[in-house]
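Here the structure comes first, spelled out in structure tokens, and everything after it is commentary.
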Amino acid sequence: MDTAYKRIVVVGGGAAGWMAATALATALPASTVELVESEEIGIVGVGEATFPSIRNFHRLVGIDEADFLRATNGTFKLGIEFRDWRVRGENYFHTFGDFGELTGPDALWGHFRRLGDAGLGMLGEQCLPSVMASQGRFQGLASEENKAFNYAYHFDAGLYAGFLRTLALKRGVRRTEGRIVEVVRRADGGVAGLKLADGRELAGELFIDCSGFAALLLGRTLDEPFVDFSHWLPVDRAWAVPSESSGSELTPYTRATALEAGWAWRIPLRNRIGNGHVFASRYIDEERARAQLLRQLDGPALAEPRLLRFTTGHRQRSWVHNVVGLGLASGFLEPLESTSIYLIQSGLGHLIPQLQRGTAMPKAEVGNYNAIMARQFERIRDFIILHYCLTARRDGELWRTMASMELPATLAFKLHAWRQAGVLHQYQWEGFDAHSWLAIHAGMGHWPERADPELAHMPREEALQALRQRREAIAAVVAAMPPHDAYLRRMLAR
Ligand SMILES: Cc1cc2nc3c(=O)[nH]c(=O)nc-3n(C[C@H](O)[C@H](O)[C@H](O)COP(=O)(O)OP(=O)(O)OC[C@H]3O[C@@H](n4cnc5c(N)ncnc54)[C@H](O)[C@@H]3O)c2cc1C
């Protein structure tokens with residue numbers, strides 16, 4: 001494949017930079033891809049839970065699953081367990097699976113709700129990966145084409161960047177170590193090149209800004225406005241700390257536990273647990289948040305907790321002149337649904353086909369790319385707010401604010417459609433499908449006000465039978481699966 005851009009420079013060697021370099025070198029063999037990174041500055045080094053799209057990315061660039069898991073101390077992720085989000089003491093799963101029919105007379109969730117039969121257990125028991133997660137079991141997929149569920153991974157972010165770096169270098173990516181001290185502009189406002197601290201200069205035709213929160217090109221140089229979401233997503237700090245995992249369960253899921261003014265993550269790797277506390281600094285001070293995180297740990301901390309500061313939102317345009325921002329340089333929502341790496345892949349997935357067309361980018365194509373990326377940030381923003389705004393907790397200022405705030409119009413309409421008519425409305429460019437939205441509504445005990453009259457077309461006994469059968473079939477399939485750690489051990493020993 002050819003491209004109009006013969007010389008592409010990737011700025012930054014975190015997950016975003018190395019994913020971009022690997023994908024670009026694979027898809028555009030006629031171009032030179034050069035990545036510049038600074039060990040002195042380092043990478044953010046968090047971001048250990050992912051979304052199933054990472055598996056597509058790995059397939060596209062030719063990464064073997066076992067090699068990747070071995071290199072990154074990785075584990076499987078079926079989804080997230082949410083603890084204490086509606087009220088303290090209540091938990092639910094959001095996994096990458098389905099709940100059967102969602103609309104019409106066969107909608108299983110509708111019958112589950114209509115029947116209200118205590119013998120049917122929880123709605124989550126109608127979703128295969130939720131049952132796998134609750135029992136700590138895992139089994140790979142028999143087929144990608146006809147999959148019964150989807151999954152992602154947990155991994156060590158530093159090791160993942162190193163793993164991708166090795167692969168990218170094999171694919172011909174050139175690596176330059178150095179700190180960028182100046183950005184040289186073109187007459188039209190675009191970027192011509194970069195000056196490094198040691199005096200070297202790097203020229204390029206297209207620049208991929210993966211410089212993390214610094215947003216060196218898109219933010220500091222081109223001054224692209226930041227669309228601030230913090231009035232809807234007020235968390236703005238995170239303490240992160242690894243802890244010992246000996247004796248802890250190797251859960252095939254991430255855990256997100258709601259706390260006084262935020263939430264704590266627990267991400268199981270093979271050699272340690274990754275932990276963090278994401279919080280809103282306007283509602284809790286840093287020291288109290290740190291102490292709350294340390295109380296959550298399964299075992300002794302392996303390092304001093306590290307504080308990260310961020311603002312939720314994104315750059316208005318991700319592609320400006322000859323600069324495309326990816327990763328933290330283009331925006332950050334918050335890590336509740338592990339969507340940052342997904343957004344990097346999605347950006348690459350939309351960018352690369354445009355570059356492969358082999359002509360300089362017409363304005364309309366750039367505008368379309370920017371519109372898609374902005375919509376994706378908004379859709380995910382709405383999905384994340386959903387987790388907070390349905391809370392019945394009133395034990396902290398964060399929860400009181402989130403339960404009463406004015407929602408984005410797009411989300412307000414979705415909530416209205418669900419409450420009024422049980423419709424799981426989907427817009428274009430959604431990151432999460434209707435099953436995911438159902439998982440959160442159900443988990444938060446948020447149901448439509450009336451049953452769909454179409455459900456009455458199925459006799460009660462028949463509906464009960466359908467729900468029982470699906471639940472029993474899922475239970476039988478899961479009972480035959482190995483525990484997650486046994487599956488992993490066997491797979492990695494091969
Ligand atoms: C608290 C927290 C939790 C998160 N959890 C998740 C999660 O569970 N799942 C998920 O998908 N994502 C998560 N993320 C996001 C995830 O960490 C990032 O999307 C991912 O690591 C990619 O980061 P990056 O490559 O954009 O930036 P970075 O890793 O920060 O890399 C930036 C690169 O730019 C280089 N650089 C910067 N300035 C210069 C300069 N002047 N000269 C040369 N080089 C320079 C740096 O050296 C570095 O190599 C989380 C983020 C935070 C803050």
Side-chain angles (χ1 to χ4, degrees), residues 9-21 35-54 57 77 80 152-162 164-165 175-183 194-198 200 202 207-221 235-241 254-256 262-267 269 274-279 289 293 305-312 314 318 325-347 380 431:
V9 178
V10 177
V11 175
W18 285 112
M19 286 177 107
L35 182 146
V36 53
E37 65 177 328
S38 160
E39 270 168 23
E40 181 193 327
I41 297 172
I43 64 170
V44 67
V46 280
E48 309 199 309
T50 57
F51 190 73
S53 61
I54 192 166
F57 176 77
K77 173 181 170 183
I80 304 173
Y153 310 106
H154 304 120
F155 56 63
D156 178 316
L159 294 178
Y160 185 59
L164 287 178
R165 178 201 290 185
R175 173 180 180 266
T176 296
E177 159 63 34
R179 190 162 51 82
I180 299 160
V181 290
E182 194 185 326
V183 178
L194 310 169
K195 285 191 181 161
L196 306 186
D198 62 6
R200 281 176 297 165
L202 280 179
F207 290 82
I208 312 293
D209 186 356
C210 298
S211 61
F213 286 130
L216 210 57
L217 303 187
L218 202 55
R220 283 197 203 159
T221 306
V235 293
D236 61 349
R237 304 268 197 284
W239 283 107
V241 69
T254 304
R255 180 175 297 147
W263 59 276
W265 78 73
R266 176 190 181 276
I267 297 177
L269 304 186
N275 309 275
H277 181 185
V278 179
F279 60 98
L293 171 63
R306 196 157 63 96
L307 184 66
L308 297 126
R309 295 188 167 87
F310 55 86
T311 306
T312 52
H314 64 98
S318 299
L326 284 173
L328 299 172
S330 66
F332 183 54
L333 291 167
E334 65 135 299
L336 186 58
E337 282 283 356
S338 322
T339 42
S340 290
I341 290 172
Y342 159 73
L343 283 164
I344 298 169
Q345 287 157 13
S346 175
I380 293 171

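First listed ligand is number 1; within each ligand, the first listed atom is number 1.
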| message | A side-chain contact here means heavy atoms from C-beta on lying under 4.5 Å apart; do K77 and S338 qualify? | response |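 Yes; the side chains approach each other to less than 4.5 Å.
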
| Any side-chain heavy atom of E337 within less than 4.5 Å of one from I380? | no

With a 4.0 Å heavy-atom cut-off (strictly under), which part of [X] contacts ligand 1: side chain, backbone, both or neither?
X: C210; result: backbone
X: S38; result: both
X: T50; result: neither
X: F332; result: side chain

Where is the nearest protein heavy atom to [atom]: which residue, which atom, and how far?
atom: atom 13 (C) of ligand 1; result: G47 CA, 3.3 Å
atom: atom 29 (O) of ligand 1; result: V44 N, 3.1 Å
atom: atom 41 (N) of ligand 1; result: I180 O, 3.3 Å
atom: atom 16 (C) of ligand 1; result: V46 O, 3.7 Å
atom: atom 26 (O) of ligand 1; result: L328 N, 2.9 Å
atom: atom 9 (N) of ligand 1; result: A49 O, 2.6 Å
atom: atom 49 (O) of ligand 1; result: G13 N, 2.8 Å
atom: atom 38 (N) of ligand 1; result: I41 CD1, 3.6 Å

| Does a salt bridge link R175 with E39, judged by any charged N lying under 4.0 Å from a carboxylate O? |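 Salt bridge: yes.
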
| message | Below 30° counts as parallel, above 60° as perpendicular, anything between as tilted: where do the rings of F213 and F310 land? | response | parallel

Can you measure from [atom1] ([X]) to [atom2] ([Y]) and round to the nearest 0.5 angstrom?
X: T339; Y: F51; atom1: OG1; atom2: CZ; value: 8.0 Å
X: I344; Y: S330; atom1: CD1; atom2: OG; value: 7.5 Å
X: E334; Y: S340; atom1: CD; atom2: OG; value: 10.0 Å
X: D209; Y: R220; atom1: CG; atom2: CZ; value: 10.0 Å
X: E48; Y: N275; atom1: CD; atom2: CG; value: 9.0 Å
X: H314; Y: L343; atom1: NE2; atom2: CG; value: 10.0 Å

| query | Hey, does the side chain of S211 reach the backbone of A214 with a donor-acceptor pair shorter than 3.5 angstrom? | reply | no

| Does an N or O anywhere in G42 fall below 3.5 Å from an N or O of ligand 1? | yes

| task | Consider every N or O of A16 and every N or O of ligand 1, then say whether any pair is closer than 3.5 Å. | result | yes

| request: Consider ligand 1: state whether an atom of it lies below 4.0 angstrom from any non-hydrogen atom of Y342. | output: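 Checking ligand 1 against Y342, which is what was asked, there is no heavy-atom contact under 4.0 Å.
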
| task | Determine whether any heavy atom of G178 lies closer than 4.0 Å to an atom of ligand 1. | result |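 In this structure, G178 qualifies as a contact of ligand 1 - some heavy atom is under 4.0 Å.
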
| task | For L202 and I180, run side-chain contact (heavy atoms from CB on, under 4.5 Å): C-alpha distance rounded to whole Å, both residues' side-chain angles, the deciding distance at 0.1 Å, then the answer. | result | CA-CA 10 Å; L202 280 179; I180 299 160; over 6 Å; no

As an exercise, identify every atom of ligand 1 less than 4.0 angstrom from a heavy atom of [X].
X: S338; value: 9 (N), 11 (O)
X: R179; value: 42 (N)
X: W265; value: 1 (C), 3 (C)
X: G327; value: 26 (O)
X: A238; value: 1 (C)
X: E48; value: 7 (C), 8 (O)
X: L216; value: 40 (C), 41 (N)

| Matching residue for Y160 among F57, Y153, W18, F155 - test: ring-ring contact (aromatic ring centres under 6.0 Å, His included) |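 With Y160 as partner, ring-ring contact (aromatic ring centres under 6.0 Å, His included) holds for just one option, F155.
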
| Is the CZ atom of R200 crowded by more than 12 outside heavy atoms at less than 6.0 Å? | yes

| Of the listed options (S211, G276, A215), which comes nearest to atom 36 (N) of ligand 1 when hydrogens are ignored and any heavy atom counts? | S211

